[in-house]
Amino acid sequence: MNYTPAEIEAKWQHTWSETKAYEPSNDFSRPKKYVLSMFPYPSGRIHMGHVRNYTIGDAFARYYRQQGFNVLHPIGWDSFGMPAENAAIKHGVHPKKWTYENIATMRGELAGLGLSFSEEREFATSNPEYTAFEQGFIIDMFNKGLLYRKQGFLNWCPHDLTVLANEQVVDGGCWRCGTPIVQKEMYQYYLKISDYAEELLESLKSLEGKWPKQVLTMQENWIGKSYGLEFAFKLDEESEAKVGAVYQSFDVFTTRPDTIYGVSYAALAPEHEIVRHMLSFGLLDEATAHAIKAMQRVSARERATSPKEGVALGISVIHPLTGAKVPVWVANFVLTDYGSGAVMAVPAHDDRDYEFATKYSLPIKAVIFPSEGELPVGSAYTEAGILHESAQFSGMDNTAAKAAIMDHFEEHKLGKKVINFRLKDWGISRQRYWGAPIPLIHCDTCGIVPEDKANLPVALPEDVVINGEGNPLEHHPTWKHCTCPKCGKPAIRETDTMDTFIQSSWYFLRYTVPNTYPEAFDPKALDYWMGVDHYIGGIEHAILHLLYARFFTKMLRDLGYVKSDEPFEHLLTQGMVLKDGAKMSKSKGNTVDPGELVAKYGADTARLFILFAAPPTQELEWNDSAVEGAFRFLKRFADRSQNVNAADRLPNIDHTALSKEEKTARKKVYEALKRSQEVYTERHTFNTMIAGVMEAMNALGEQNNRDVWSEGYWILLSIMEPIVPHLCWELSTNLFNRKNLGPQNVCEEVFEVDALSLGVSVNGKNRATIEVGVSESQDTIIESAKTAVEKWLEGKEIVKAIVIPGKLVNLVIKG
RNA sequence: GCGGACGUGGUGAAAUUGGUAGACACGCCAGACUUAGGAUCUGGUGCCUCACGGUGUGAAGGUUCAAGUCCUUUCGUCCGCACCA
């Protein structure tokens with residue numbers, strides 16, 4: 001048969017679409033699989049990363065369909081975001097037009113790959129209905145106190161003129177444009193992800209073995225739970241008088257209460273409220289004030305790499321246990337937004353405190369000593385040890401002391417055990433046009449009031465000026481003027497839009513109904529389809545998207561929309577596609593255009609290559625001649641189908657009557673089938689599965705029994721259909737009326753052999769191979785092994801002979 | 001600094017529980033058919049050696065009849081977090 005991919009692929013893609021072959025069924029009594037590849041941002045054209053992502057997902061979806069599952073395999077568009085606005089600034093094209101044209105282009109490109117997506121469930125997150133549902137959730141969250149507004153120091157990108165979440169700051173720069181972030185104090189809205197920190201951490205355990213370990217660890221570290229003691233340092237009388245009696249104390253947090261008798265100073269962040277108070281009331285001398293202001297101007301990121309510096313505030317606090325006076329300093333290494341922005345400093349047992357104390361000649365008092373050996377000289381001792389000079393706790397092991405000291409604080413109401421998280425609330429305000437408006441209204445009388453749900457969506461105006469200066473919604477002449485839903489007086493709409501990560505935090509829930517469904521969800525459909533059985537996407541989403549999506553699922557559960565605790569059952573993180581050892585990118589000029597590849601070889605070749613070149617989780621190095629090789633295999637596969645007898649069923653084969661080559665061919669075919677079953681369900685190493693099919697093809701070529709060929713194609717077409725669907729549908733239709741595209745049984749008789757090949761090794765080194773009958777006795781096997789390796793045994797004594805049935809014989813010799 | 005992943009031919013990679021290392025493919029070499037081939041088919045291909053044979057999974061030790069696989073130490077690469085008290 002002549003292999004003409006362009007013709008075959010167009011034909012089948014048309015048929016699949018016409019017959020709605022890939023729409024999920026509404027029969028919820030059937031077993032289901034929800035297979036989802038992360039949806040794309042409509043940037044313009046698809047790239048190889050997309051091809052890999054969607055090919056992997058499609059393989060799962062098609063496999064489960066063959067196995068009789070009701071499969072949901074949707075696609076959509078993460079279509080709000082900055083590039084649309086940037087295009088508007090640069091080329092004057094409206095973000096909406098730009099976005100929807102890109103979607104049309106990319107939809108066509110994906111269709112050309114023969115991906116088995118549901119068409120009735122496709123949507124773009126910038127569609128007004130989607131915005132309406134989302135704004136409904138946001139209002140619920142606001143009413144429940146999960147969304148709040150506060151002023152704070154925020155990551156501000158001076159290039160994109162917007163706020164970024166901590167998760168979106170990469171190496172101190174904007175995750176999109178790389179511009180260094182500056183700190184800016186302003187109002188914005190936050191989602192209380194910190195309320196869910198404990199659960200987000202705890203339920204990571206339920207994902208063990210189903211999500212890559214690396215992702216679980218990254219999320220765990222990001223959430224960053226730590227146990228410790230929180231207590232108040234009281235200002236002494238003189239200091240209290242100095243700050244005008246406005247403050248009597250400040251809180252500190254420590255994970256090392258065992259070192260508390262070694263405290264020699266306390267340190268405040270430059271932004272600490274006491275520091276700010278003293279600055280604004282002129283309670284500090286000029287040099288000190290100047291030094292603190294200089295520290296405040298340095299971004300958090302820069303501080304992390306700057307040398308430690310600080311300045312004494314001229315006030316003191318009282319040590320809660322010893323009553324000693326402890327000087328208070330301002331230090332650039334104290335983080336404003338972790339704990340209370342203040343620490344107790346124990347230079348003898350903390351590296352940072354040590355460095356600082358050394359620089360400013362502050363006392364260093366060791367209170368924990370190693371049980372063996374000496375304290376180190378010239379550095380802090382941070383290991384375990386025995387307490388000294390620590391009142392009643394002296395002599396205790398430091399772990400025991402930690403607990404005892406915390407108990408002591410609690411008993412005497414001096415402080416309490418607390419848990420601190422690194423995870424901060426999620427700031428969701430963006431000063432952009434092309435996003436979902438935050439559905440809140442500012443009323444002079446009523447304060448912040450949510451929009452009436454009946455008025456949703458709060459849609460974007462289309463007539464806007466987008467020139468890169470400020471927020472277009474803010475500058476629109478009429479849009480922001482409205483009436484207060486509560487009191488009816490004139491009011492102002494919030495002009496900030498939501499972080500686009502909000503849209504991707506729940507899109508997978510919306511897919512559970514067709515895109516025309518009038519409500520956000522159908523509870524029955526949601527229960528049936530969730531969670532996503534296989535979620536496939538890039539490792540770059542290990543924290544951002546995957547953490548937010550988990551958070552949203554839990555929030556929507558608590559708001560009564562969803563029953564799931566976790567959205568994604570199994571996560572597969574695909575590796576990057578590289579060329580010349582580097583990630584494909586336009587700026588490096590090392591891209592391969594999927595469109596050209598499909599035009600030259602067809603979608604099946606592209607899909608086969610991308611799954612064969614490496615396991616999905618590994619990086620994939622592009623190789624043009626290996627693509628050629630994939631194409632040649634498909635040509636051969638098409639061509640040799642002429643050895644098959646067309647039929648509606650598997651041929652009956654008398655295995656015992658077959659030649660050795662025929663038997664081997666059958667065995668290879670069923671080995672490939674066995675492997676494919678493991679690969680789809682457990683290992684996901686499509687490369688080894690394809691290798692198995694190639695081996696089977698090679699073995700079939702060694703014989704010319706048409707029944708063996710027919711059986712081989714029946715099975716191999718079924719295995720390969722998820723990988724190279726067009727060719728497999730073409731051949732299966734012509735040869736087997738497609739009766740072969742379904743679950744396959746392994747024919748066990750082909751694995752029954754009458755002779756085994758055993759390796760013979762001497763002292764563990766492989767020396768020869770022998771053929772033995774299956775029922776041969778151990779002694780006989782050892783005898784033939786000895787004969788086979790005679791020359792290595794000469795003059796030696798055999799101490800031991802080990803027979804591993806079906807594998808090898810090892811002779812242990814001496815002398 | 002902390003955490004994670006990984007190191008196997010010229011290349012991408014196999015080897016699921018310790019059991020014949022390098023399957024499958026790319027590349028390369030030789031041959032066949034061809035006016036021609038970057039098409040197709042056949043054979044070969046870890047390294048050293050004419051060969052017998054030796055040697056080989058980053059390195060060094062160890063456990064074992066047997067180690068790519070387990071343990072210890074070490075080197076290197078990549079990724080994430082990074083003054084989190």
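Proteins come first, then strands; the chains are lettered A, B, ... in the order of their sequence lines, and each starts at number 1. The basis for the numbers below is simple: all heavy atoms, side chains too, and nothing from hydrogens, waters or symmetry mates.
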Original post:
Between the side-chain atoms of A/Asn810 and the base atoms of B/rC65, is any donor-acceptor pair under 3.5 Å?
Top reply: yes
**OP:** Taking atom P in both B/rG58 and B/rC65, compute the distance separating them and give it to the nearest angstrom.
**Re:** 25 Å
Original post:
For the pair made of CD in A/Gln618 and P in B/rU8, what is the distance, rounded to whole Å?
Top reply: 11 Å
Original post:
At under 4.0 Å between heavy atoms, what does A/Val346 touch on the DNA or RNA strands: base, sugar-phosphate, or nothing?
Top reply: nothing
**OP:** Please work out if A/Glu619 contacts a base, only the sugar-phosphate, or nothing of the nucleic acid, heavy-atom cut-off 4.0 Å.
**Re:** sugar-phosphate
Original post:
What is the minimum heavy-atom distance between A/Leu597 and A/Ala606, and which atoms define it?
Top reply: CD2-CB, 3.5 Å
Original post:
Would you say the base of B/rU16 and the side-chain of A/Glu678 have a donor-acceptor pair closer than 3.5 Å?
Top reply: yes
**OP:** Give me the residues of residues 693-701 of chain A where at least one heavy atom lies under 4.0 Å from an atom of RNA chain B, by number, or none.
**Re:** A/Met694, A/Glu695, A/Asn698
Original post:
Counting any heavy atom closer than 4.0 Å, what does A/Pro615 reach on the DNA or RNA strands: base, sugar-phosphate only, or nothing?
Top reply: sugar-phosphate
Original post:
When rounded to the nearest Å, what value does the distance between C1' atoms of B/rA13 and B/rC6 take?
Top reply: 14 Å
Original post:
How far does the P atom of B/rA15 sit from the matching atom of B/rG68, given to the nearest Å?
Top reply: 15 Å
Original post:
If every non-hydrogen atom of A/Leu387 is compared with every non-hydrogen atom of A/Ile368, which pair is closest and at what distance?
Top reply: CD1-CG1, 4.0 Å
Subject >> Residue pairs involving residues 607-617 of chain A (criterion salt bridge (Lys or Arg N to Asp or Glu O under 4.0 Å); sequence neighbours excluded) >> reply: A/Asp58-A/Arg607
Subject >> Sidechain N-carboxylate O distance under 4.0 Å for A/Glu198, A/Lys225 >> reply: yes
